[in-house]
Amino acid sequence: YAHLCLAVDDIQKTTEAIVAAGIPLDRPIKLGGDGNLQAWIVDPDGNRIELMQMSPDSLQARSAQG
């Protein structure tokens, strides 16, 4: 796999808590091409983890409502 993606309700609060716990962001919050907010961290084994706050009208959110 390329990475693991975790859906979060509030990416700002989530990233603040992660940084406060001593885990640096690999990439800061940005708006992705899919219209969702995302930030990235890396686990101790080097695996990339995407944190995603889904936009209500994104393909991912519509699929999750399925």
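Along the sequence shown, residues are numbered consecutively beginning with 1. This is a predicted model, so every value here is computed, not measured. Only this structure's heavy atoms are used, side chains among them; waters, hydrogens and symmetry mates stay out.
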**Complete:** To the nearest 0.5 Å, atom CG of Leu6 lies from atom CD of Gln53 at 13.5 Å
**Prompt:** What is the distance from atom NE2 of His3 to atom CG of Asp43, rounded to the nearest 0.5 Å?
**Reply:** 13.0 Å
**Request:** Kindly work out whether a path of hydrophobic side-chain contacts (I/L/V/M/F/W/Y, heavy atoms less than 4.5 Å apart) joins Ile18 to Val42.
**Result:** no
**Item:** Co-members of Met52 in a cluster of I, L, V, M, F, W and Y side chains, linked at under 4.5 Å
**Value:** Met54
**Request:** Hey, could you give me the SG/CD1 distance between Cys5 and Ile49, rounded to the nearest 0.5 Å?
**Result:** 10.5 Å
**Message:** Check for me, please, whether Leu59 and Leu31 land in the same ILVMFWY cluster - side-chain distances under 4.5 Å, paths through other members count.
**Reply:** no
**Message:** For residues 14-38, which residue pairs pass the ring-ring contact (aromatic ring centres under 6.0 Å, His included) check, not counting sequence neighbours?
**Reply:** none
**Message:** Using only atom types and a distance under 3.5 Å, with no angle test, would you say the side chain of Asp45 pairs donor to acceptor with the backbone of Asn47?
**Reply:** no
**Prompt:** Of all residues at least two apart in sequence or in a different chain, which pass the side chain to side chain contact (heavy atoms under 4.5 Å, CB included) check with Asp9?
**Reply:** none
**Message:** Filter on ring-ring contact (aromatic ring centres under 6.0 Å, His included), then keep only pairs touching residues 7-35, sequence neighbours left out; what's left?
**Reply:** none
**side-chain hydrogen bond (donor to acceptor under 3.5 Å, both in side chains) against Asp26, all qualifying residues, sequence neighbours excluded** = none
Output a table of donor-acceptor pairs, distance under 3.5 Å, between side-chain atoms of residues 32-39 and any protein atom two or more places apart or on a different chain; print 'none' if there are none.
residue: Asp34; atom: OD1; partner: Asn36; partner atom: N; Å: 3.1
residue: Asp34; atom: OD2; partner: Asn36; partner atom: ND2; Å: 3.1
residue: Asp34; atom: OD2; partner: Gln60; partner atom: NE2; Å: 2.8
residue: Asn36; atom: OD1; partner: Ser55; partner atom: N; Å: 2.7
residue: Asn36; atom: OD1; partner: Ser58; partner atom: OG; Å: 3.2
residue: Asn36; atom: ND2; partner: Gln60; partner atom: OE1; Å: 3.0
residue: Gln38; atom: OE1; partner: Trp40; partner atom: NE1; Å: 3.0

